[in-house]
Amino acid sequence: MKLSVPGRATAAAVVAAATLLTTGSIAGAAPASAPETAAAAPDLPVASVKAHLTQFQSIAAANGGNRAHGRAGYKASVDYVKAKLDAAGFTTTVQQFTSGGLTGYNLIADWPGGDTNQVIMAGSHLDSVASGAGINDNGSGSAAVLEAALTVARTNYQPTKHLRFAWWGAEERGLVGSRYYVNNLSSANRARISGYLNFDMIGSPNPGYFVYDDDPAIEKTFKDYFAGIGVATEIETEGDGRSDHAPFKSAGVPVGGLFTGASRAKTAAQVTKWGGTAGQAFDRCYHSSCDTTSNINDTALDRNSDALAYAVWELSS
Ligand code: ZN
């Protein structure tokens, strides 16, 4: 869905419109050909994000029903995402590690250009638990980060900062892949990361709209987006440190992220804000075999995908 959020480009248009209203001319407005100071964040069509979820579901079905660390469905998920990124012009790296005697993989994709001393990262875990396909946890974040990256390429976005996208392995084994990545960064390369944005479970079927209460500037960027579409948010409290932002935060990198809830129950007050069912888990299929493409709230996935794109564009411009 196309949503209008006050950004820099929109603000310029508002000034031009106000000039037209007060003077009857657009003499004070910038010519239409003037270069934009910042590209407006794109709308990510939810259908495009869902198409990746359908692929993750098929990958699980063809590989014993899951996409778990050390299983064929995990590697097939990496191959799917990597092929899309390679075709779009990203520089991709597969980082191998071992956990529990099984080989795991992180997939890193750099968009060429921008100031490599100021890197903005967006990431999500690509592994599922062994009991199911992991479509909300965490096909949702993985698909939205992928679609944002593909949109960077499609629009040939040339940000001031350098963009890097990541898909982590073995999160479900205890944040193994993201910790491995952070531990293997040189201190110089760690210091170059200006922000890490995490997306783990962003399409929960009985959704809440939770923003991580970490770096204030990142948190504000997400809150601004949701305020612009008139959706209330709350601070994420269902287990701080339980996802891949934690190793970055421990290493001193500014972090933030979005979450629509896991096994905790939605309260009556939250239903008043967001609708849905009180006394029921945000995701009744959390870590279960029913975490399939049916386990997604399209509106939540759409809003969070667009918030992700907004933050990536705003923070990298
Ligand atoms: Zn999980």
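Indexing begins at 1, ligand by ligand and atom by atom, following the structure's order. These numbers come from the heavy atoms of this one structure, side chains and all, not from hydrogens, waters or symmetry mates. Residue numbers count from 1 along this sequence.
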Peer 1: Given side chains that start at C-beta, do those of Trp313 and Thr155 come closer than 4.5 Å, heavy atoms only?
Peer 2: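 In contact.
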Peer 1: Between Asp200 and the Zn ion (ligand 1), is there a contact where an N/O/S atom of the residue lies under 2.8 Å from the metal?
Peer 2: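 Checking Asp200: none of its N, O or S atoms is under 2.8 Å.
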Peer 1: Can you say whether the rings of Phe56 and Tyr80 are parallel (under 30°), tilted (30 to 60°) or perpendicular (over 60°)?
Peer 2: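 Phe56 vs Tyr80 ring planes: perpendicular.
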Peer 1: Look at the N, O or S atoms of His287, main chain and side chain alike, and state whether any lies under 2.8 Å from the Zn ion (ligand 1).
Peer 2: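 An N, O or S atom of His287 is closer than 2.8 Å to the Zn ion (ligand 1), so yes.
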Peer 1: Considering non-hydrogen atoms only, spot the tightest contact between Ser124 and Asn138 and give its length.
Peer 2: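 Scanning both residues, the minimum pair turns out to be CB-ND2, 3.5 Å.
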Peer 1: Could you tell me whether the side chain of Met121 reaches within less than 4.5 Å of the side chain of Phe248, counting heavy atoms only?
Peer 2: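 The answer is yes, as the side chains (C-beta and beyond) meet within the 4.5 Å cut-off.
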Peer 1: If the Zn ion (ligand 1) is the vertex, what is the angle to OD2 of Asp137 and OE2 of Glu172, rounded to 10 degrees?
Peer 2: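 Output for this angle: 110°, rounded to tens.
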